[in-house]
Amino acid sequence: MAIDASSSIFSLWPDRLRHSAIVLLTAALALAALVTFGEVSPARAIAVFICVVGAALVPWRLHDAVTSREDTLGGNPVEAAAVQAIVAGMPDPAVLLDRAGRVIHFNAAASQLAPALRKNELAQFALRSPDIITALREAIAAAEPRRASYLDHVPVDRWIELIITPVLVPTTFGGSDYCMLMTFHDQTPLRRAEEMRADFVANASHELRTPLAALSGFIDTLQGPAKDDAKARERFLGIMHAQATRMARLIDDLLSLSRVELSAHVRPDTLVDIVPIIRQVADGLEPLASERQVGIEIDLPATPVLIAGDREELLRLFENLIENALKYGASGGKVVVSAAAANAPDGAGEIRVAVRDFGPGIAPEHLPRLTERFYRVDVGDSRAQGGTGLGLSLVKHIVNRHRGRLLIESVPKNGATFTACFPRIPARSG
Ligand code: ADP
């Protein structure tokens with residue numbers, strides 16, 4: 001009964017105090033027995049007891065005053081070292097704090113994120129965002145996980161998500177204590193992808209709505225004022241046909257783009273000869289070339305040029321490049337398509353197919369953005385040509401899937417050259 005009562009009283013005390021109390025109680029009982037049996041004088045017993053009190057209480061008071069919180073972690077040095085190694089080895093920035101919010105460990109990624117982090121100092125001195133401090137305060141108070149997102153401006157704008165997880169860590173005196181593990185995750189690529197997806201849906205809807213509005217406008221006119229006007233009907237039906245074709249083309253391009261994106265990680269492995277593919281595309285575009293009064297010059301080797309490729313995608317790729325050259329570079333009167341072997345900057349062999357026109361060219365500020373979806377130098381011109389703004393984006397995705405590169409060079413007033421580069425098949429040994 002007595003043992004139960006004392007253990008329940010002790011259990012309410014902090015670990016270290018309980019430990020000291022047991023030592024003192026045992027020492028007091030032993031000394032009382034020695035005094036009772038006359039083995040030790042009361043004065044000596046008191047002196048010894050004072051020494052025992054000092055030995056039991058002073059070290060952990062001193063310990064608290066002079067050592068860092070880090071040393072109390074881990075029931076043994078191996079555990080403490082393991083905790084430190086785990087924090088150091090985490091791939092994302094990670095900081096381990098004690099219950100008071102003081103830093104115990106942090107890894108190299110965390111010190112890059114917050115260079116002012118110091119061991120044994122309050123983390124909030126280094127992490128100044130009010131969202132972090134609030135989340136940390138709440139996590140400590142409730143001993144529950146918390147999340148916070150904030151925009152970090154240094155060195156560049158980044159969206160960071162912070163996760164605070166309370167973890168139970170063993171302490172030196174055999175007990176355990178809550179520590180707070182803060183991990184930081186860069187959400188910028190995810191947010192960018194979300195923004196791009198939202199932009200893409202908005203752009204696609206806008207592009208589809210324009211011909212749709214034209215179609216329903218003409219339907220209204222044909223049902224109303226132009227009902228009995230055979231000449232107007234003929235003209236409007238022609239425009240409606242062009243608008244419907246544009247919508248169909250847009251949907252085709254969107255589907256092709258999503259198909260190529262879906263298989264982006266699977267590199268085509270069929271050996272294909274690109275010479276007949278290019279010739280087939282050029283032959284198919286001959287009517288457009290003669291309509292625009294442009295001559296297509298083909299400068300291809302007489303022998304097969306093999307690459308690992310997807311025939312259908314290569315047809316789309318060359319069709320887009322040659323058609324663009326005929327549409328936007330028509331004033332040059334000539335388009336040259338050539339293929340040659342060359343070396344990439346890293347020394348690897350590649351096959352380069354260049355489509356060169358002699359039209360007005362493209363101003364340098366547009367070059368980096370040409371492969372963005374729906375990007376056009378002149379929206380009106382592109383629409384008038386039946387363009388969707390997706391052609392070069394599709395070309396870029398196809399080239400990437402083939403593990404190649406797309407080079408765009410242009411001198412304003414002197415035409416443009418679009419070059420698709422594909423890895424060369426290594427020559428078979430033996
Ligand atoms: P579009 O469907 O508008 O042709 P693309 O993605 O194929 O879309 O091309 C994007 C834009 O790049 C075009 O709108 C045009 O402004 C420009 N462009 C593409 N090829 C050429 C070229 N050979 N000469 C000049 N401008 C070009």
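Values in this document were obtained by computation on a predicted structure and should not be read as measured data. Indexing begins at 1, ligand by ligand and atom by atom, following the structure's order. The first residue in the sequence is number 1, and the count goes up from there.
- Between E409 and R356, none of the side-chain N atoms (NZ, or NE/NH1/NH2) sits under 4.0 Å from a carboxylate O, so this pair counts as no salt bridge.
- Using a cutoff of 4.0 Å between basic side-chain nitrogens and carboxylate oxygens, E323 and K327 are scored as salt-bridged.
- For the pair R118 and F125, the cation-pi test (distance below 6.0 Å, angle within 45°) is failed.
- At a heavy-atom distance under 4.0 Å, only backbone atoms of Y375 (N, CA, C or O) approach ligand 1.
- Of the protein's heavy atoms, Y328 CD1, 3.7 Å lies nearest to atom 21 (C) of ligand 1.
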Quick one: side chains of residues 412-422, donor-acceptor pairs under 3.5 Å with protein atoms, not counting sequence neighbours, listed by atom name and distance.
none

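- Where the criterion is an N or O separation shorter than 3.5 Å, residue side chain and backbone included, G389 meets it with respect to ligand 1.
- At under 3.5 Å, not a single nitrogen or oxygen of A416, backbone or side chain, sits near a nitrogen or oxygen of ligand 1.
- Looking only at protein heavy atoms, the nearest one to atom 7 (O) of ligand 1 is N324 ND2, 2.8 Å.
- Residue contact check: S382 has heavy atoms under 4.0 Å from atoms 1 (P), 3 (O), 14 (O) of ligand 1.
- Every atom of ligand 1 with a heavy atom of T388 under 4.0 Å away is listed here by number and element: 1 (P), 2 (O).
- Between F184 and Y150, the ring planes lie perpendicular to each other; the angle is over 60°, past the 30° to 60° tilted range.
- With respect to K334 and D357, no salt bridge is recorded, no charged nitrogen being found less than 4.0 Å from a carboxylate O.
- Using a cut-off of 4.0 Å between Lys/Arg side-chain N and Asp/Glu carboxylate O, E313 and R259 are scored as not salt-bridged.
- Residue contacts with ligand 1 for L392 involve both N, CA, C or O and side-chain atoms from C-beta outward (heavy atoms, distance under 4.0 Å).
- With sequence neighbours excluded, no residue satisfies ring pair (Phe, Tyr, Trp, His ring centres under 6.0 Å) with Y328.
- The shortest N/O to N/O separation between D357 and ligand 1 falls below 3.5 Å.
- At a heavy-atom distance under 4.0 Å, only side-chain atoms of I362, from C-beta outward, approach ligand 1.
- Every atom of ligand 1 is numbered from 1 in the order shown, and the set under 4.0 Å from a heavy atom of L370 is 12 (O).
- For R424 (side chain) and A348 (main-chain N/O), no donor-acceptor pair under 3.5 Å exists by modelled atom type.
- When only interatomic distances are considered, the shortest N/O to N/O separation between G391 and ligand 1 falls below 3.5 Å.
- Residue contacts with ligand 1: R376 is placed with no nitrogen or oxygen under 3.5 Å of a nitrogen or oxygen of the ligand (distance criterion only).
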